[in-house]
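Structure record follows, encoded as structure tokens.
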There are 2 protein chains.
Amino acid sequence: MAKHQNLSDELDAMFAALADPTRRRVIARLGAGPASVGELASPLSISLPSFMKHVHSLESCGLIRTEKSGRVRTCVLNQNRFRLLTGWLEEQRRIWEESTDRLEKFVTEEFVTKEES
Amino acid sequence: MAKHQNLSDELDAMFAALADPTRRRVIARLGAGPASVGELASPLSISLPSFMKHVHSLESCGLIRTEKSGRVRTCVLNQNRFRLLTGWLEEQRRIWEESTDRLEKFVTEEFVTKEES
DNA sequence: GTAATGCTTAGCCTTATGGCTAAGCATCAG
DNA sequence: CTGATGCTTAGCCATAAGGCTAAGCATTAC
């Protein structure tokens, strides 16, 4: 039930979740549509208990949602969640582009100043 | 000297590097321009040796570059490196949008078929 | 009702991560 | 040349991550 904490903790969990090729593969597979735990695990030479840890990691950071029906647990991608990631990355780009702009403005002003003198 | 491995390992390292608030703070600060290790560490109640581990983590995954001049090590952001991340994220989006398109096409065709019959 | 299926729980093991202190080493300032 | 500065190295420690096996527990198929 642990609901979303602050943004920083959420980013921690999402970036950590994506820092593993198995979990990125799951994400990529789920992009094509929902799948059961068994379907997701079968192409991955790894035991099911180990695989379940990856599923929990992805679910607890919100990147996927899962639901159990009968004995089958189905996983679906939660696309909205990716906005937090792209949002952070875009923010970084904004910061450095702003700073680049300032530098260019400065250089231009210096240049003009020198030209004028 | 360990040069870049395969894309998957590079993504592992970069996502892992970003899964830590201290390192994200460093990235954000460097967006505004280069800084020395000391400048970066001073606002962060953490020992210098501990902080250096974060610097190394960021450098070894390529997100920053550093250079030592005299006794000062200066760090700069390596913006290009972010393309690998945004590239992967965009690829995921492409996958799921493609699949959504296919679904819409299917639904439309079903609808047309039923209308025609 | 029995057996197979699909996941789950429990618990163990090894390695990686991220913090620390203490001590070292190369510059730079005076 | 001596001391302060700025980073570095070495090494310790606690916790978390990610793998495994063995065993359990509902559901579904026969």
Side-chain angles (χ1 to χ4, degrees), chain A residues 1-2 5 8-30 33-76, chain B residues 1-2 5 8-30 33-76:
Chain A
M1 284 299 150
Q5 304 104 64
S8 181
D9 288 351
E10 297 191 62
L11 288 173
D12 281 6
M14 278 188 292
F15 278 125
L18 294 179
D20 181 292
T22 298
R23 292 191 292 257
R24 285 197 305 277
R25 250 183 103 164
V26 169
I27 294 288
R29 164 61 189 83
L30 289 180
S36 73
V37 167
E39 282 165 5
L40 292 170
S42 64
L44 301 175
S45 41
I46 185 183
S47 71
L48 212 54
S50 299
F51 181 69
M52 283 303 292
K53 291 192 186 177
H54 291 297
V55 172
H56 288 137
S57 154
L58 286 168
E59 186 174 22
S60 73
C61 76
L63 284 171
I64 71 171
R65 278 173 290 110
T66 79
E67 194 171 348
K68 189 153 184 181
S69 165
R71 57 188 174 178
V72 175
R73 179 172 296 278
T74 301
C75 308
V76 300
Chain B
M1 285 298 150
Q5 305 104 62
S8 181
D9 288 349
E10 297 191 61
L11 288 172
D12 282 5
M14 279 188 292
F15 278 124
L18 295 178
D20 180 293
T22 298
R23 291 191 291 257
R24 285 197 306 277
R25 249 183 102 165
V26 169
I27 293 287
R29 164 61 189 82
L30 290 180
S36 73
V37 167
E39 282 166 7
L40 293 169
S42 66
L44 300 176
S45 42
I46 183 182
S47 71
L48 212 54
S50 299
F51 180 70
M52 283 302 292
K53 292 192 185 176
H54 291 297
V55 173
H56 289 137
S57 153
L58 286 168
E59 186 174 21
S60 73
C61 76
L63 284 171
I64 70 173
R65 277 173 293 110
T66 81
E67 193 171 350
K68 190 155 183 179
S69 164
R71 57 189 174 179
V72 175
R73 178 173 296 281
T74 301
C75 308
V76 299

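Chain A is the first sequence line, chain B the second, and so forth, proteins listed ahead of strands; every chain is numbered from 1. Just so it is clear, the structure is predicted and the values come from calculations on it, not from any experiment.
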Do any side-chain nitrogens or oxygens of [X] fall under 4.0 Å of OP1 or OP2 in [N]?
| X | N | result |
| --- | --- | --- |
| A:Ser47 | D:dG19 | no |
| A:His54 | D:dG19 | yes |
| B:Ser50 | C:dC20 | yes |

Taking any heavy-atom pair under 4.0 Å as a contact, classify B:Ser36: base, sugar-phosphate, or nothing.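 Sugar-phosphate contact only - B:Ser36 comes under 4.0 Å of backbone atoms but never of a base.
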
Whole-Å distance between [N] [atom2] and [X] [atom1]?
| X | N | atom1 | atom2 | value |
| --- | --- | --- | --- | --- |
| B:Ile46 | D:dC7 | CD1 | P | 14 Å |
| B:His56 | C:dA16 | NE2 | C1' | 17 Å |
| B:Phe51 | D:dG6 | CZ | P | 14 Å |
| A:Lys53 | D:dC20 | NZ | P | 10 Å |
| A:Glu67 | C:dT8 | CD | P | 13 Å |
| A:Met52 | C:dT9 | CE | P | 8 Å |
| A:Glu59 | C:dT8 | CD | P | 9 Å |
| B:Asp20 | C:dA16 | CG | C1' | 14 Å |

[atom2] on [Y] to [atom1] on [X], rounded to 0.5 Å:
| X | Y | atom1 | atom2 | result |
| --- | --- | --- | --- | --- |
| B:Ile46 | B:His54 | CD1 | NE2 | 4.0 Å |
| B:Ser57 | B:Met52 | OG | CE | 12.0 Å |
| B:Ser36 | B:Arg71 | OG | CZ | 11.5 Å |

Donor-acceptor check, side chain of B:Arg24 to backbone of A:Ser8, threshold 3.5 angstrom: yes or no?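 Pair found, side chain donor or acceptor close to backbone of A:Ser8.
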
Would you check if the side chain of A:Arg23 reaches a backbone N or O of A:Leu18 as a donor-acceptor pair within less than 3.5 Å?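 Judged by distance alone, no pair lies under 3.5 Å.
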
Residue whose nearest DNA chain C nucleotide is more 5′ - B:Arg71 or B:Leu48: B:Leu48

If you find the nucleotide of DNA chain D closest to A:Ser69 and the one closest to B:Arg73, which residue's nucleotide is nearer the 5' end?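 Closest to the 5' end, via its nearest nucleotide, is B:Arg73.
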
Given that A:Gly70 and A:Ser57 both sit by DNA chain D, which one's nearest nucleotide is further toward the 5' end?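 Checking each residue's closest nucleotide, the 5'-ward one belongs to A:Ser57.
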
